[in-house]
2 protein chains.
Amino acid sequence: MTRIAKPLAPAALEMVAGRFKVLAEPARLHLLNVLMAGERTVGDLVETTGLNQANVSKHLALLAEAGFVSRRKEGLHAWYVIADSSVFKLCDLMCSAIARKLGKDLQAVK
Amino acid sequence: MTRIAKPLAPAALEMVAGRFKVLAEPARLHLLNVLMAGERTVGDLVETTGLNQANVSKHLALLAEAGFVSRRKEGLHAWYVIADSSVFKLCDLMCSAIARKLGKDLQAVK
DNA sequence: TGACTGTATAACTGCACAGGAATACAGTAG
DNA sequence: CTACTGTATTCCTGTGCAGTTATACAGTCA
């Protein structure tokens, strides 16, 4: 369980925390989850997620700023697509961690 | 970039988001970073991080509730230790993602 | 040109939460 | 018992941000 400690500078901690924060919203995870199937327009995402248009735009802006998705304009439409596949691994890891945690909690109860 | 879409239930999204949120604070990442070197008492962590005692206790409580660390009481002292090594992978992944992002931003500027 | 569609951007409100101060609690020592 | 130490918890305050509404902007079509 012990690792070589590589102390991180405050600025680095802020950066990492900031990016985790982008993933720390159900709405944004929902958008990413839909985008995992491929490129979508804002309108598609509004319809699929049930979120209103302004909200979707803002969430996508945050995801894009963090580099998780990228934007492509085509006429009136804006197409968004996953730009960093590490989000898949991040979410998978987190889901596995949750499964382990729930398993422990279950053992503690029964 | 396209994957098989496995739609997640709202409750699942909340869970995943909630755990990302625990990692979305510089102070907690700092604590985890120190704990990567091994088990520490609250006092150790207060001294190492410069955070005040109440803050450290509260952050550790959140980390423990999420299952990232676990607590062991010994006399007056409370020893905390990393309980889920996936935090290492999560942070490594995030750091790599940041490096890629910064590399892209750099290319876009120069 | 003007009307319309898709998207982005204010401006506002409410809430969750980090940080700090004070206090409560548990364990030890005398 | 009392005094003290290490840790947890409560209360308070300020701030960041999600959600909503309204509006602005950009591109298309007549």
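Naming convention: chains lettered A, B, ... in sequence-line order (proteins, then strands); numbering from 1 in each chain.
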What's the [atom1]-[atom2] distance between [X] and [N], to the nearest Å?
X	N	atom1	atom2	result
B/R72	D/dA8	CZ	P	13 Å
B/L60	D/dG6	CG	C1'	13 Å
A/R71	C/dT7	CZ	C1'	8 Å
A/L45	C/dG6	CG	P	14 Å
B/L23	C/dC17	CG	C1'	16 Å

List in chain and number order the residues that pass side chain to side chain donor-acceptor pair (under 3.5 Å) with [X], two or more places apart in sequence or in another chain; answer none if no residue qualifies.
X	result
A/E14	none
A/R28	A/H59
B/R71	none
B/Q107	none

Item to check | Residue pairs passing the salt bridge (Lys or Arg N to Asp or Glu O under 4.0 Å) test where at least one lies in residues 44-67 of chain B, sequence neighbours excluded | outcome: none
Next on the checklist: Quick test of your reading: applying salt bridge (Lys or Arg N to Asp or Glu O under 4.0 Å), list the pairs with at least one residue in residues 93-109 of chain B, sequence neighbours left out, ordered by first then second residue.
Outcome noted: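 For residues 93-109 of chain B, and leaving out neighbouring residues, the salt bridge (Lys or Arg N to Asp or Glu O under 4.0 Å) pairs sorted by first residue read A/D84-B/R100, B/K101-B/D105.
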Checklist entry - At their closest point, which heavy atom of A/L45 faces which heavy atom of A/V56, and how far apart are they? => result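 So the minimum-distance heavy-atom pair works out to CB-CG1, 4.1 Å.
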Checklist entry - Of all residues at least two apart in sequence or in a different chain, which pass the side chain to side chain contact (heavy atoms under 4.5 Å, CB included) check with A/V16? => result A/F20, B/L29, B/M94, B/C95, B/I98
Item to check | Nucleic acid contacts of residues 10-20 of chain B, taken as heavy-atom distances under 4.0 Å to DNA chain C | outcome: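 The stretch gives none, as no residue of it lies under 4.0 Å from the strand.
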Checklist entry - Do the side-chain N or O atoms of B/Y80 get closer than 4.0 angstrom to the phosphate oxygens (OP1, OP2) of D/dA8? => result yes
Checklist entry - Once each nucleotide of nucleotides 18-30 of chain C is scored for protein heavy atoms under 4.0 Å, what B/S/- sequence comes out, 5' to 3'? => result SBBBB---BBS--
